[in-house]
Asker: 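I am attaching a structure below and will ask some questions about it afterwards.
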Amino acid sequence: MYRFYGWEKADILPANPEYDKVGNPREMYDYMKGIWSVDSCAPRLRVKWSEDNITVGQCSITAFLAQDVYGGEVYGVPLEDGNFHCYNVVGDCVFDLTSEQFGERVLSYENNPIQERSVHFAKTEKKERYEMIKDALKKRLE
């Protein structure tokens with residue numbers, strides 16, 4: 001059983017033929033479980049990362065990678081600290097591969113702003129972490 005938001009209806013398939021082997025978002029989550037690490041975690045959240053909380057600090061890089069795979073848009077839930085928690089919307093499919101980092105806290109996935117890749121990747125370290133997980137996914141698909 002999956003615990004990420006939207007897993008029950010995450011039946012979309014890759015829009016990008018390069019990622020055909022990924023399958024639906026549940027299958028992408030399975031791939032990502034072996035890719036997410038403290039090194040791919042946002043530096044400010046690395047103290048919270050653990051084997052029991054592998055999705056912490058992975059939201060934007062994962063959401064933009066999922067956008068590469070499935071298309072759609074990346075949206076952001078505004079957080080108290082001024083940052084955004086990123087998730088994906090493809091047609092009527094809304095899913096958040098990294099939502100379990102919040103435990104029992106319920107986020108609102110409605111009326112949130114679109115997140116722009118150029119804004120997020122203006123931070124070199126974030127772009128590098130994205131490239132790292134993208135390369136790791138491609139290797140797993142070989």
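Numbering of residues begins at 1 and proceeds along the displayed sequence. Heavy atoms only: backbone and side chains are in, while hydrogens, waters and symmetry mates are out.
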Asker: Do Tyr87 and Tyr109 have ring centroids that are under 6.0 Å from one another?
Answerer: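 Under 6.0 Å, so yes.
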
Asker: What closest approach, in Å, do Ile12 and Cys93 show between heavy atoms, and which atom pair accounts for it?
Answerer: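 Taking every non-hydrogen atom into account, CG2-CB, 3.9 Å.
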
Asker: Does Met32 reach the side chain of Thr98, with side-chain heavy atoms less than 4.5 Å apart?
Answerer: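 No, every pair of side-chain atoms sits at 4.5 Å or beyond.
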
Asker: Do Trp49 side-chain atoms and Ile54 backbone N/O form a donor-acceptor pair below 3.5 Å?
Answerer: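 Flag set: sc Trp49 to bb Ile54 pair under 3.5 Å.
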
Asker: I'd like to know if Arg140 and Asp30 make a salt bridge, using a cut-off of under 4.0 Å between side-chain N and carboxylate O.
Answerer: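 Salt bridge absent between Arg140 and Asp30.
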
Asker: Looking at Gln58 and Val38, would you say the former's side chain and the latter's main chain have a donor-acceptor pair under 3.5 Å?
Answerer: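 Such a contact is absent between Gln58 side chain and Val38 backbone.
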
Asker: Taking Glu100 for the side chain and Thr55 for the main chain, is one N or O donor matched with an acceptor at less than 3.5 Å?
Answerer: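 No; zero donor-acceptor contacts below 3.5 Å.
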
Asker: For Asp96 and Tyr5, indicate whether the former's side chain and the latter's backbone hold a donor-acceptor pair under 3.5 Å.
Answerer: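 Absent.
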
Asker: How about CD on Glu8, more than 12 heavy atoms from neighbouring residues, nucleotides or ligands closer than 6.0 Å, or not?
Answerer: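 Atom CD in Glu8 is crowded, with more than 12 foreign heavy atoms closer than 6.0 Å.
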
Asker: The criterion is side-chain contact (heavy atoms from CB on, under 4.5 Å); which residues satisfy it with Phe84, sequence neighbours excluded?
Answerer: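 side-chain contact (heavy atoms from CB on, under 4.5 Å) check on Phe84 returns Pro78, Pro113, Gln115.
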
Asker: Okay, side chain of Ser60, backbone of Cys86: is any donor-acceptor separation there less than 3.5 Å?
Answerer: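 Side chain of Ser60 to backbone of Cys86: no pair is present.
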
Asker: State whether Glu80 and Arg105 are salt-bridged, where the test is any N-O pair (Lys NZ or Arg NE/NH1/NH2 against Asp/Glu carboxylate O) under 4.0 Å.
Answerer: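 Looking at Arg105 together with Glu80, the answer is yes, because their closest N to O distance falls below 4.0 Å.
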
Asker: With a 6.0 Å cut-off on ring centres, are Trp36 and Tyr29 close enough?
Answerer: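 Yes, the ring of Trp36 comes within the 6.0 Å limit of the ring of Tyr29, centre to centre.
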
Asker: Should Ile35 and Leu137 count as side-chain neighbours, where that means a heavy-atom distance under 4.5 Å?
Answerer: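 The answer is yes; the side chains approach within 4.5 Å.
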
Asker: Quick check: do Cys59 and Gln101 have side-chain heavy atoms less than 4.5 Å from each other?
Answerer: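 Result yes, sub-4.5 Å side-chain heavy-atom pair found.
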
Asker: How about Phe121 and Phe64: are their ring centres within less than 6.0 Å of each other?
Answerer: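 Under 6.0 Å, so yes.
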
Asker: Strictly below 4.0 Å, N to O, side chains only: are Asp68 and Lys138 in salt-bridge contact?
Answerer: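 Between Lys138 and Asp68 there is no salt bridge, as every charged N stays at least 4.0 Å from the carboxylate O atoms.
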
Asker: Applying side-chain contact (heavy atoms from CB on, under 4.5 Å) to Asn24 and Met28, what does each step give before you reach the verdict?
Answerer: CA-CA 6 Å; Asn24 66 42; Met28 181 170 178; over 6 Å; no

Asker: Determine whether the aromatic ring centres of residues Tyr130 and His120 are separated by less than 6.0 angstrom.
Answerer: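 No, the ring centres sit 6.0 Å or more apart.
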
Asker: Quick check on Asp81: does its CG atom have over 12 non-hydrogen neighbours (other residues, nucleotides or ligands) under 6.0 Å away?
Answerer: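 Enclosed.
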
Asker: If you apply the rule salt bridge (charged side-chain N to carboxylate O under 4.0 Å, His left out), what do you find for Asp39 with Arg46, and how did you get there?
Answerer: CA-CA 8 Å; Asp39 293 331; Arg46 287 185 178 156; 5.4 Å; no

Asker: Hey, does Glu18 have a side-chain heavy atom less than 4.5 Å from the side chain of Leu141?
Answerer: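 Leu141 vs Glu18: side chains apart.
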
